[in-house]
Amino acid sequence: MCGIVGYVGTQTATEILLSGLEKLEYRGYDSAGVATIWEDEVNCVRAKGKLSNLRSKLEHLQSPAQIGIGHTRWATHGKPEEYNAHPHMDTAMRIAVAVNGIIENYSKLREELKQQGYQFRSDTDVEVIPHLIAQFLKEEIAFGQSNSDSVFLEAVRKAVNELQGAFAIAIISADYPDELIVVRQQAPIVIGFGQGEFFCASDTPAIISHTKAVLPLENGELARLTPLGVEVYNFAGQRLKKHPRLLSLNPMMVEKQGFKHFMLKEIYEQPGVVRACLEAYFNTDWHPGNSSRSPINIGLASEFYADIEQIHIVACGTSWHAALIGKYLLEQLAQIPTQVHYASEFRYAPSPLTPNTLTIGVTQSGETADTLAALAMEQERRQGREPKYQARLLGITNRPESSLGYMVSHMINTLAGIEIGVAATKTFIAQLMAFYALALDLAYSRQTLPLENLEDILKGLRQIPKEMEATLESQEKLTEQLAHEFAETQDFIFLGRGINFPIALEGALKLKEISYIHAEGYPAGEMKHGPIALLDAKVPVVAIAVPGSVYEKVISNAQEAKARDSRLIGVTPVKDGEAAEIFNDLVPVSFVDELLSPILTVVPLQLLAYHIAARRGLDVDQPRNLAKSVTVE
Ligand code: F6R
């Protein structure tokens, strides 16, 4: 949700900022702007819409500035218009500020500042920040105790102490032209270390082509970056000792590598993601005759599992769908009652405290504000209670270096590699793999599953990458053809049951978020209780029908839809018999055990959504109104 980038050093800043913003555009693309310092002035250029608009505006300005900040916006307060675009400036136009986050006490601050004569030019909450800094700067210069080298830093420190909310900020001032100040409070920001040059960004892909040495700031910290180095302080003004670490990210990972869109590339990376998870989570030499240790290797000690009576999972969007499959696995394999909550709901209506509860937060980005807040609330309300009520938190994330990483003591890293397309695909698959590993590990430690069954599941999981490759190969053309036929369709229904019900939800979400076609996912058996009234010849139904406990039920629910004239698309490994007769279109997936089938059945639904959106000429990787990491409530 909004991306910030900053640079100070010896190179021309503008191009570094723009190429950094390109890598952050997935965080928001309502407007963009850069501010640099040049000839004793802040030069601020902003444009509504995508970054390309800003690029065109900047083409004629050959600024040699060597310091600057940039921003790409996902609008929260104020319409996506140029006057609301960041950077925002103080009344005298000497200070420029780029912010990711929300200032909760902005209206009170805004009123106070207005009364003192500060002029506001936008509808945003964050515009209070440059004015506040200007006010503290004035006081600091007139009466400040700090040494003259620290005046700007001190004014920023005092200003951020006035702010409530979650934010990351980058600030420059024409009066302090060598200083870039960076602040973090509940929103991510990382500092990059080059040679005589330093960077800051909301996420590492923005700076990876310049440096791999990074320092993520922690909550309540601010840093001063100058061409001579980086100093980090806490909000109380004490200097902190910090050391950068090396990133393992490769710049190639954030390129499209010949694919038309990141989303398609990421769909095709999924077999590799499953392989990486298999290698990391499962011990290859395990078999029932050699079972003194768990076949699973996710770094959770048996004491962590001891006495778990209940599991709560909090998540949003696609991660919530993965959590629903997690619930199925945890209940059916490990026999642990499990509830899945929308994080945004759980925060305000938490379940009653129960003893020995494991709370799991699932978030690919590790930055989703609702999920983090739900976990923080869970931690807080259990603090100081007797041991059996204390919080046991586990995070499942693709970004272990994220805010989630700082919050939880136990984590499963989902190993999908960085995902750029706004629609989650490969990170969903990796979350599923994490849940298989967790449920099997718990089943092993609680002895709820015969070892032979455990071995069969492991064998099945090892076949998945191969089967997924086959599925991808057979479906590319097929889903493209279907996309051709359905590109103008207005409504879609997705049906699944049991472990494939969440896949119906995920198929519908993928389609609506990137193609803007209305789509709903239902448990197939629920159709007759109301939604069946929606069906007619204009509403196609996609049914996921996998042999196992509910195959016949799904087929008869599909029949009910066909009887209402819906065109039926079957996602199924069965190519003959009743399936061949009732489905108008068959999208074959490889035959695997029903328990493992979601890892495969989701793939054609991702491809269908992708091809429909691409055929409609839409921006697949950056769908309207969305952002990759949702760092606001
Ligand atoms: C859908 C999608 C979103 C995210 C949701 C949670 O394709 O990407 O629904 O799943 O915003 O994000 P994370 O997993 O980062 O918490």
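Note that the numbering runs from 1 along the sequence shown for the chain. For ligands, and for the atoms within them, numbers begin at 1 and follow the listed sequence. Just so it is clear, the model here is predicted, and its values are computed rather than measured.
- Heavy-atom contacts of Ser319 reach the following atoms of ligand 1: 10 (O), 13 (P), 14 (O) (cutoff under 4.0 Å).
- Using a 4.0 Å cut-off between charged nitrogen and carboxylate oxygen, Glu279 and Arg275 do not count as a salt-bridge pair.
- Protein heavy atom in closest approach to atom 7 (O) of ligand 1: Glu513 OE2, 2.5 Å.
- Applying the side chain to side chain contact (heavy atoms under 4.5 Å, CB included) criterion to Thr572, with sequence neighbours excluded, gives Ala545, Tyr551, Val574, Phe583, Leu586.
- Thr338 places no side-chain N or O within donor-acceptor distance of the main-chain N or O of Leu330, the cut-off being under 3.5 Å.
- Looking only at protein heavy atoms, the nearest one to atom 11 (O) of ligand 1 is Val630 CG2, 3.9 Å.
- When hydrogens are left out, the protein atom nearest atom 3 (C) of ligand 1 is Thr318 N, 4.1 Å; that is the closest non-hydrogen contact.
- Of all the heavy atoms of Val422, the ones lying under 4.0 Å from any atom of ligand 1 belong exclusively to the backbone.
- With respect to atom 6 (C) of ligand 1, the closest heavy atom belonging to the protein is Cys316 O, 3.4 Å.
- Of the charged side-chain nitrogens involved, none lies within less than 4.0 Å of a carboxylate oxygen, so that Glu419 and Lys426 do not count as a salt-bridged pair.
- Using a distance-only test at 3.5 Å, with no hydrogens or angles considered, no donor-acceptor pair links the side chain of Asp621 to the main chain of Tyr26.
- Checking only distances, Gln431 never comes within under 3.5 Å of ligand 1, N or O to N or O.
- A tilted orientation is assigned to the rings of Phe346 and His341, their planes being inclined by 30° to 60°.
- Given atom 12 (O) of ligand 1, the protein heavy atom at minimum distance is Thr368 OG1, 3.4 Å.
- The protein heavy-atom contact nearest to atom 15 (O) of ligand 1 is Ser365 OG, 2.6 Å.
- Note on Arg399 versus Asp203: salt bridge recorded, some NZ/NE/NH1/NH2 to OD/OE distance being below 4.0 Å.
- Within ligand 1, counting atoms from 1 as listed, the ones closer than 4.0 Å to a heavy atom of Gly317 are 9 (O), 10 (O).
- For the residue pair Tyr305 and Asp441, a side-chain donor N or O sits within less than 3.5 Å of a side-chain acceptor on the partner.
- Between Ala424 and ligand 1, at least one pair of N/O atoms sits closer than 3.5 Å.
- At a heavy-atom distance under 4.0 Å, only side-chain atoms of Lys510, from C-beta outward, approach ligand 1.
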